[in-house]
Amino acid sequence: MLFYFLTAICAAISIEILQYNIMQNETSTFTLIIRKFRSLFDACMLMLPFFLMNKRKWIIFILLFLLDIFCLSQIWYFRTYQTLMPFSSYFLFDNVSELLIKSIIGSIHPADIWVILPTILLLFLYLGFYKNNTEAYEPLPKRIAYGAMIFIICSFGYLATPLKAAIIKDPNRPSPWIRWTASFGPSFYVEANGLVPYFIYTIIKETTTSKKITPEEKNYIDRFILSKEKKQMHNTILDHPRKNLIIIIVESLNSWLLNRTIDGIEITPNLNRFIKEDSVISALHILPQVKDGRSSDGHLMINTGILPLQSGAAATTCKTKHFPSLADALKPYGYYSLNIISDAGSFWNQKEMSKAFSFDTLYDKRCLEKDDMIRGSISDKSLMQQSFRIIKNLPEPFFCQIVTASTHMPYDTPINKTRISESKQFTSTVRNCMEAFHYTDQAIGSFIDSLKKNNLYKNSTIVIVSDHDELGKNVLDGRKKRKLSDRETAMIILNAPLSLNYKNIMGQIDIYSTLLDAMGLNDYSWRGMGHSILQYPVSSAVHWDKKSIYGNSDSPLIPDQIKAWDISNLILSKDYFGSFASRPK
């Protein structure tokens with residue numbers, strides 16, 4: 001029993017450190033005490049297999065080390081993505097790359113050793129004392145009785161808070177049991193209920209949720225889409241032939257980097273210059289709405305106007321073979337479409353997703369020259385140069401999407417050292433981040449200049465947009481807590497049909513609908529889950545937890561923006577387009 005409780009204490013330390021790192025809300029002393037007890041309950045429950053083992057007690061260390069690895073991976077993931085990693089992501093072996101490994105290393109803190117150190121110390125104690133202990137082990141029935149007693153005690157411990165709320169019966173509060181059946185995200189669920197309930201909740205949800213869409217669910221989606229179509233206005237923006245469309249998706253571009261200097265040096269001089277030009281639509285207050293799929297979620301929203309899955313990455317779990325998309329909307333007008341990426345096509349399943357988005361051709365790093373590499377990906381400078389060489393000989397009109405990677409974290413060293421690194425302002429992490437975007441800004445600027453010199457610019461609409469946020473403005477300001485306002489990303493549309501400096505809040509989901517209007521595709525049957533800023537006075541956006549509103553809390557669009565999360569989740573998880581919907585024309 002003593003050795004069992006030692007294993008439980010080791011497990012409890014790992015779980016408590018995980019809980020501390022993912023804590024979402026300010027908590028009272030009482031809540032912190034309850035959480036520590038819950039960590040102990042989790043640990044005791046997870047170590048129950050100990051009582052079924054006979055003399056091979058060393059097997060329990062396999063479970064302990066697996067738990068430590070799980071806690072460490074979740075801590076590192078949360079530091080970057082502000083949520084827990086779904087279990088499906090543990091099997092995304094195609095995503096393992098030099099860039100991913102460096103990102104993981106960049107998320108490690110020295111204090112993380114405390115997650116695994118207690119298990120190592122206990123292993124030495126076992127090898128030095130318990131392994132050679134010749135005392136007889138308790139008989140199996142007695143061990144099972146011990147385990148059953150601990151299981152009952154821990155179960156009542158989990159139920160203590162909701163049972164108390166149920167006895168009080170406050171009519172002004174929701175059912176105390178809703179905490180077990182509803183989730184605003186995995187980190188919130190673990191914080192509220194514990195790790196073992198989260199495991200059980202996930203297993204039940206995955207095994208009981210049907211993958212086939214029902215007629216009722218289809219009608220629910222159809223009604224929502226129809227209600228959006230009725231609100232749609234006719235687009236009279238474009239009366240002239242459609243231009244080429246070039247979308248540059250910039251990895252991790254936060255808006256705070258734009259129009260900012262350090263020691264008199266502009267971080268993004270070219271982007272700053274573009275924003276001030278005529279016929280430019282700029283929106284610098286976009287709430288990123290990516291979730292577990294991160295970059296792939298950003299690509300999904302930009303190309304299809306569909307919000308991410310509530311759990312898991314649509315790029316790897318969704319079975320949909322074809323999405324209504326920008327490329328599909330442009331096809332009837334004779335557009336050839338291509339997607340140029342700096343990574344392998346297997347990364348985030350981009351090869352299959354390019355087909356699903358109706359791109360005619362995918363150029364990945366296996367097709368491109370590897371003349372200049374950064375962290376295992378083709379550098380943005382080389383990518384932009386090669387992209388120009390590809391498109392300059394294409395028949396027009398064409399749609400080209402270019403996905404950069406050089407600004408991906410970690411920001412541990414400057415990728416192209418300039419005078420920014422000599423500054424004494426901010427931390428080295430912030431300066432290295434600035435250096436990365438200064439480098440990519442130069443690559444994009446040279447690309448645009450090449451378009452102008454070769455008479456491609458005047459007949460092209462160029463969109464520069466971020467896939468998601470990364471280093472929040474709170475890090476720049478030296479604040480630990482990151483607010484939604486710290487996460488803002490940007491969209492800049494060059495050679496647009498009108499000039500617009502959009503100063504209101506909008507969501508990442510609104511980009512697709514806006515691009516449809518900017519390209520004169522108002523008649524395309526799929527408008528997406530968002531709203532075009534060229535038609536609506538969008539002033540709010542809803543975070544993936546569906547309760548955090550950014551911007552105007554009185555916006556009439558908020559009910560639709562909240563419902564759009566549920567509709568998108570149904571569309572992706574039930575393969576709405578493949579099951580019932582006809583392919584948009």
Side-chain angles (χ1 to χ4, degrees), residues 92-100 244-251 290 293-306 313-331 334-406 408 443-444 447 460 462-465 467-468 512 515 577-578 583:
L92 298 180
F93 302 114
D94 286 336
N95 277 8
V96 178
S97 63
E98 181 183 345
L99 182 61
L100 177 64
N244 304 316
L245 175 60
I246 302 172
I247 298 181
I248 304 171
I249 301 181
V250 182
E251 171 69 40
V290 297
R294 297 297 289 171
S295 293
S296 65
D297 285 348
H299 302 168
L300 176 75
M301 282 184 277
I302 292 167
N303 280 279
T304 73
I306 303 172
T316 56
T317 61
C318 182
K319 303 302 181 185
T320 301
K321 298 300 182 183
H322 174 268
F323 289 93
S325 64
L326 286 171
D328 194 67
L330 289 166
K331 266 185 170 40
Y335 279 72
Y336 170 76
S337 58
L338 63 157
N339 188 16
I340 306 175
I341 64 177
S342 57
D343 298 302
S346 58
F347 190 71
W348 282 123
N349 202 27
Q350 290 182 91
K351 182 178 180 180
E352 295 304 317
M353 293 306 289
S354 285
K355 294 178 183 177
F357 294 159
S358 294
F359 283 105
D360 295 306
T361 304
L362 170 68
Y363 290 87
D364 67 357
K365 72 175 183 180
R366 297 174 186 175
C367 308
L368 301 172
E369 296 177 10
K370 303 178 186 63
D371 53 348
D372 185 18
M373 305 292 286
I374 294 178
R375 304 191 194 98
S377 300
I378 295 172
S379 72
D380 288 355
K381 180 180 178 181
S382 176
L383 181 72
M384 300 310 296
Q385 290 173 345
Q386 294 189 64
S387 296
F388 174 73
R389 291 199 294 268
I390 291 170
I391 66 174
K392 73 176 182 178
N393 296 317
L394 288 179
E396 300 183 49
F398 61 79
F399 166 32
C400 178
Q401 177 174 276
I402 306 169
V403 182
T404 73
S406 296
H408 198 290
I444 294 174
F447 175 79
S460 300
I462 300 99
V463 181
I464 302 168
V465 65
D467 57 351
H468 56 74
Y512 168 82
L515 293 182
F577 298 114
R583 177 172 175 161

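Note that this is a predicted model, so its numbers are computed, not measured. All residue numbers refer to positions in the sequence shown, counting from 1.
Side-chain N or O atoms of Thr304 include none that pairs as donor or acceptor with a backbone N or O of Met301 at under 3.5 Å. Between the side chain of Asp328 and the backbone N or O of Ser358, no donor-acceptor pair lies under 3.5 Å. The backbone N or O of Val290 sits nowhere less than 3.5 Å from a side-chain atom of Asp297 that would complete a donor-acceptor pair. Side chain of Arg375 to backbone of His408: a donor-acceptor contact under 3.5 angstrom is found.
Put simply, the side chain of Val465 does not reach to within 4.5 Å of the side chain of Ile248, judged on heavy atoms. In this structure, Glu251 and Asp380 have side chains that are not in contact, with every pair of non-hydrogen atoms separated by 4.5 Å or more. The shortest distance between side-chain heavy atoms of Val403 and Ile247 does not fall below 4.5 Å. Between Arg366 and Ser346 there is a side-chain heavy-atom pair separated by less than 4.5 Å. Inter-residue side-chain proximity for Ile306 and Phe577 is flagged as met; some heavy-atom pair is nearer than 4.5 Å. At least one side-chain heavy atom of Arg389 sits less than 4.5 Å from a side-chain heavy atom of Glu369. Contact annotation: the side chain of Tyr336 never approaches that of Pro395 to less than 4.5 Å [non-hydrogen atoms, C-beta and beyond].
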### Query
Under the side-chain contact (heavy atoms from CB on, under 4.5 Å) criterion, do Ile402 and Ile249 qualify, and how do the steps go?
CA-CA 6 Å; Ile402 306 169; Ile249 301 181; over 6 Å; no
### Task
List the steps and the verdict of side-chain contact (heavy atoms from CB on, under 4.5 Å) for Asp343 and Ile378.
CA-CA 7 Å; Asp343 298 302; Ile378 295 172; over 6 Å; no
### Query
Does the pair Leu245 and Phe398 meet the rule for a side-chain contact (heavy atoms from CB on, under 4.5 Å), with working shown?
CA-CA 6 Å; Leu245 175 60; Phe398 61 79; over 6 Å; no
### Query
Hey, mind stepping through Thr404 and Asp467 against side-chain contact (heavy atoms from CB on, under 4.5 Å) and telling me if it holds?
CA-CA 10 Å; Thr404 73; Asp467 57 351; over 6 Å; no
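For Asp372 and Ser382, the side-chain atoms include no donor-acceptor pair closer than 3.5 Å. Of the N and O atoms on the side chains of Ser325 and Asn303, not one donor lies less than 3.5 Å from an acceptor on the other residue.
Under 4.0 Å is where a charged nitrogen must lie from a carboxylate oxygen, and between Lys331 and Asp360 at least one such pair does.
Tested against Ile341 for a side-chain contact (heavy atoms from CB on, under 4.5 Å), the candidates Gln401, Gln350, Lys351 yield a single pass: Gln350.
Separation of atoms CG (Leu362) and CD (Glu352) is listed at 10.0 Å; rounding is to 0.5 Å. Between the OG atom of Ser377 and the CG atom of Asp364 there is a distance of 11.0 Å, given to the nearest 0.5 Å. Rounding to the nearest 0.5 angstrom, the gap separating the CG atom in Leu300 from the CZ atom in Phe323 is 6.0 Å. If you take CD1 on Ile246 and OG on Ser387, they are separated by 9.5 Å, rounding to the nearest 0.5 Å. Here CG of Asn339 is found 11.5 Å from OH of Tyr363. Values are rounded to the nearest 0.5 Å. Atom CE of Met353 and atom CZ of Phe359 lie 10.5 Å apart (nearest 0.5 Å).
Shown here for Gly293 and Ala313, the closest heavy-atom pair between the two residues is CA-CB, 3.6 Å. The nearest pair of heavy atoms linking Thr320 to Ala356 is O-CB, 4.3 Å. Heavy-atom minimum distance, Asn349 versus Ala315: ND2-O, 2.8 Å. Of all the heavy atoms in Lys365 and Ala344, the pair that sits closest is CG-N, 3.9 Å.
Note: Phe447 and Phe388 have perpendicular aromatic rings, judged against thresholds of 30 and 60 degrees for the angle between ring planes.
The number of heavy-atom neighbours closer than 6.0 Å to NZ of Lys370, taken from other residues, nucleotides and ligands shown, is above 12.
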